[in-house]
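Structure first, then comments.
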Amino acid sequence: MGQHSEKDSRPAAGSQLNAQLEGWLSQAQSTAGPARAIIAPHAGYTYCGACAAHAYKQVDPSITRRVFILGPSHHVPLSRCALSPAEVYRTPLYDLRIDQKVYADLWKTGMFERMSLQTDEDEHSIEMHLPYTAKAMESHKDEFSIVPVLVGALSESKEQEYGKLLSKYLADPSNLFIISSDFCHWGQRFRYTYYDESQGEIYRSIEHLDKMGMGIIEQLDPISFSNYLKKYHNTICGRHPIGVLLNAVAELKKNGVDMNFSFLNYAQSSQCRNWSDSSGVSMKQIPLLTL
């Protein structure tokens, strides 16, 4: 049977989690779906559950048959991308089946390594999206599989290579891409204290910096996003998964496929006013749509 990962992101019993997810989704509007890709935060649900609902509300379970989840590696040094050793991820809602056929195809490229089960269970960037994925896909829960990919600290050329590789999957409307990323992590504990005083209080400066980055992501230009990161060093933890997505879109554009992207919501986990404050800022997230 292979290994089963005991991921369950359980802030409470399954029924309570289910109720929380339903509540957040009921407050969000389906304005831009069906999404082909979303960027959504992976902080604790207390901080970003409501924010993430804006992204997941754009998912159409009736057409989605495969969900790619690209999350950054927080705990182990990784210069490439890695695949899970598990066959099934357990959530409090129901089990999610990893697509072994796609995994085999990715493995054949020689571009991936296998993460250990311990690494898989320790990493929250993919884990936090599993209950939301299960909830969004609930009405078709036996009709889809997932493709979790742990993304390392990729060079720009590697982001381009993985983007090119994954672009054929992004081109298929039955595939959904979930890009796991919080935005600015600000404070001395994150060793990042950029502050533009012209914006007012610190949290306003953070918002201005994040929204500048969001505007650049919406342009769907990987080079512009890379230049933004080089200039401001914003601590966007999912910058490499975002870079892979932008390169996948750029590859499709070369083939005449036009897409657009817009952020639907922005939230901060706390409002920083003093140098001693800290914030792992969660972001709102969005759909990529074909025109």
Side-chain angles (χ1 to χ4, degrees), residues 5 7 9 37-45 47-48 51-52 55 67-86 89 98 106 111-133 146-163 165-166 170 176-186 189-192 209-210 213-214 216-217 222 225-226 228-230 232-249 263 269 279-286 288:
S5 176
K7 284 182 180 288
S9 314
I38 60 176
I39 302 174
H42 55 241
Y45 285 172
Y47 300 111
C48 72
C51 183
V67 180
F68 287 74
I69 308 172
L70 276 58
S73 177
H74 285 88
H75 303 290
V76 295
L78 193 62
S79 61
R80 300 198 298 164
C81 290
L83 305 177
S84 171
Y89 280 162
I98 294 177
L106 295 178
M111 293 169 62
F112 293 82
E113 52 194 84
R114 193 76 70 179
M115 59 178 128
S116 70
L117 193 63
Q118 188 64 53
T119 295
D120 200 359
E121 291 182 342
D122 287 347
E123 181 54 66
H124 68 282
S125 72
I126 292 173
E127 176 180 15
M128 296 307 293
H129 290 284
L130 302 179
Y132 247 126
T133 298
I146 63 170
V147 184
V149 177
L150 190 62
V151 180
L154 306 181
S155 63
E156 286 178 56
S157 61
K158 278 208 173 87
E159 287 180 2
Q160 195 170 11
E161 286 174 30
Y162 284 106
L165 172 68
L166 294 173
L170 181 62
L176 168 72
F177 275 72
I178 296 171
I179 307 300
S180 175
S181 184
D182 299 330
F183 273 60
C184 181
H185 295 63
W186 193 94
R189 72 188 178 104
F190 298 115
R191 296 188 294 281
Y192 188 73
L209 178 70
D210 275 344
M214 290 160 62
I216 288 167
I217 291 168
F225 183 56
S226 182
Y228 161 83
L229 291 171
K230 286 175 188 168
Y232 295 101
H233 305 285
N234 191 356
T235 45
I236 301 172
C237 58
R239 56 192 174 276
H240 297 297
I242 292 170
V244 170
L245 175 69
L246 295 180
N247 277 284
V249 173
F263 280 95
S269 58
S279 172
V281 175
S282 23
M283 240 6 225
K284 84 184 202 189
Q285 303 12 85
I286 287 150
L288 257 180

So does [Y] get a backbone contact from the side chain of [X], meaning a donor-acceptor N/O pair under 3.5 Å?
X    : Y    : value
H240 : V151 : no
R114 : A82  : no
T133 : H129 : yes
S125 : P72  : yes

Worksheet item: Passes side chain to side chain contact (heavy atoms under 4.5 Å, CB included), F68 versus L170? Steps please.
Response: CA-CA 9 Å; F68 287 74; L170 181 62; over 6 Å; no
Discussion item. Y162: which residues meet the ring pair (Phe, Tyr, Trp, His ring centres under 6.0 Å) condition with it, sequence neighbours left out?
Written reply: F112
Atom pair [atom1] ([X]) and [atom2] ([Y]), whose distance is rounded to the nearest 0.5 Å:
X    : Y    : atom1 : atom2 : answer
R80  : K158 : CZ    : NZ    : 7.5 Å
L154 : E161 : CG    : CD    : 9.5 Å
I38  : Y132 : CD1   : OH    : 10.0 Å
S181 : L70  : OG    : CG    : 11.5 Å
L150 : C81  : CG    : SG    : 8.0 Å
I217 : I236 : CD1   : CD1   : 5.5 Å

Fill in: Chi angles and distances behind the side chain to side chain contact (heavy atoms under 4.5 Å, CB included) call for D120, I126
CA-CA 9 Å; D120 200 359; I126 292 173; 5.6 Å; no
Worksheet item: Do the non-hydrogen side-chain atoms of E113 and L78 ever get within less than 4.5 Å of each other?
Response: yes
Discussion item. In the structure I gave you, are the side-chain heavy atoms of M128 and S180 within less than 4.5 Å of one another anywhere?
Written reply: no
Fill in: Distance-minimising heavy-atom pair for G238 and P241
O-CD, 3.1 Å
Fill in: Minimal non-hydrogen separation, E127 against E121, with atom names
OE1-O, 4.2 Å
Fill in: Residue among V244, I242, V249 satisfying side-chain contact (heavy atoms from CB on, under 4.5 Å) with L246
I242
Discussion item. Which residue is it: L106, L176, L83, L166? I am looking for the one with a side-chain contact (heavy atoms from CB on, under 4.5 Å) to V147.
Written reply: L106
Worksheet item: Do the ring planes of F225 and Y228 sit parallel (below 30°), tilted (30 to 60°) or perpendicular (above 60°)?
Response: parallel
